[in-house]
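FYI, side chains are in, hydrogens and waters are out, and symmetry mates aren't considered; it's all heavy atoms of this structure. Each chain gets a letter, A, B and so on, in the order the sequences are listed, and its residues count up from 1. Everything numeric here is computed off the predicted structure, so don't read it as measured data.
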2 protein chains.
Amino acid sequence: MRVVQQPERDQFDLAAVLYALSDPTRLELVRRLAQDGERACGTFDVCATKATLSHHFKVLREAGLIHTRAEGVYRFISLRRRDLDARFPGLLKAVLKAAGAPGR
Amino acid sequence: MRVVQQPERDQFDLAAVLYALSDPTRLELVRRLAQDGERACGTFDVCATKATLSHHFKVLREAGLIHTRAEGVYRFISLRRRDLDARFPGLLKAVLKAAGAPGR
DNA sequence: CCAGTTGTTTGAAATTTATCAAACAATGCA
DNA sequence: TGCATTGTTTGATAAATTTCAAACAACTGG
């Protein structure tokens, strides 16, 4: 069985989190996740191939920003809000606000 | 006279700000600026040559994070706290807190 | 078992980035 | 004027990143 690369909340690295958020596409993905909640990979209508999307989700996952749940053929992705807030209080909220997302 | 590349606060780009902050060295520079206030370039004892430091300051400056004031041979650098807070409320504070800086 | 769907991984190309040494510019001091 | 100091710019190199197509893997329905 494959182990998903996903750090514990204690091991989040601030620079890695900021880096993951610093790409416009990834920032948009996070914004949508915050807005609409858990979604399957394919439901983000972003202008990129599935390979590119998969890459971006990997970056977000390894930074600790998202969690992936497998269900059948789908991968449902969600924001790790609780863990992020615990480790970096106020950070996600400020970023989402700055990104133009509606409040929590 | 040379125009300093430094965006108006209205033109700050979130992704660029997050990117500038996503490098460990730059994050440390910002942390010290927040802690100690305005400083000359040479007074940051970071492990990098002056050319590399100059590069990092350029990235921070172009993202709108810092302001540079020339005085004699020195360049005094300061955080653009007011502008950042106006444009991205809570962001800098959350980042500094996450980076282990003392509160404002 | 086969075919279709969803997503990941691999390989490759183009771009960007970090880093340093060396040359350069600007300032101030003697 | 000559020289030391501070910082920027340039040129080069190594490493990382983004992106896509193609191959692959896993699951579902028939």
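Rounding to whole angstrom units, CG of residue D45(B) and P of dT6(D) are separated by 15 Å. For the pair F57(A) CZ and dT6(C) C1', the interatomic distance rounds to 13 Å; values are reported in whole Å. Residue L53(B) contributes atom CG, which lies 9 Å from atom P of dG7(D) at whole-angstrom precision. Rounded to whole angstrom, the span from the CG atom of L29(B) across to the C1' atom of dA18(C) amounts to 14 Å. Computed from coordinates, the D23(B) CG to dA16(D) P distance equals 13 Å when rounded to whole Å. The CZ atom of F76(B) sits 13 Å away from the P atom of dT8(D) (whole-angstrom rounding). Taking atom CZ on R69(B) and atom P on dT6(D), their separation rounds to 16 Å, with Å as the unit. In this structure, K58(B) atom NZ and dG7(D) atom C1' are separated by 13 Å, rounded to whole Å.
Candidate nucleotides dT8(C), dA21(C), dT18(D) were compared by shortest atom distance to the side chain of T49(B), and dA21(C) ranks first. The side chain of Y19(A) has dT18(D) as its nearest neighbour among dA21(C), dT18(D), dA21(D). When distances run from any side-chain atom of S54(B) to the nucleotides dA21(D), dT8(D), dA18(C), the shortest one goes to dT8(D). Taking the side chain of A51(A) as heavy atoms from C-beta on, and the options dA18(C), dC20(C), dT9(C), the nearest nucleotide is dT9(C).
Contacts of A70(A) with the nucleic acid, taken as non-hydrogen atoms under 4.0 Å apart, are absent. Counting any heavy atom pair closer than 4.0 Å across all strands shown, H56(B) reaches sugar-phosphate atoms only and no base atom.
Rounded to the nearest 0.5 angstrom, E28(B) CD and Q35(B) CD are separated by 8.5 Å.
For the pair T52(A) and Y74(A), nearest-nucleotide mapping onto DNA chain C gives the more 5' position to Y74(A).
Under a cutoff of 6.0 Å and an axis angle of 45°, R39(A) and F76(A) do not form a cation-pi pair.
Side-chain contact, S78(A) with R69(A): no donor N or O sits under 3.5 Å from an acceptor N or O.
A donor-acceptor pair under 3.5 Å is formed between the side chain of R26(B) and the backbone N or O of A20(B).
Under 4.0 angstrom from either OP1 or OP2 of dT19(D) there lies no side-chain N or O belonging to R26(A). At the phosphate of dT8(D), OP1 or OP2 sits under 4.0 Å from a side-chain N or O atom of R61(B).
With contacts defined as side-chain heavy-atom distances shorter than 4.5 Å, the pair L65(A)/R81(A) does not qualify.
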Between the protein and nucleotides 23-30 of chain D, which nitrogen or oxygen pairs come in under 3.5 angstrom?
none

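Shown here is Y74(B), whose OH atom has no more than 12 heavy atoms of other residues, nucleotides or ligands within 6.0 Å. Within a 6.0 Å sphere centred on CD of Q11(B), other residues, nucleotides and ligands contribute more than 12 heavy atoms.
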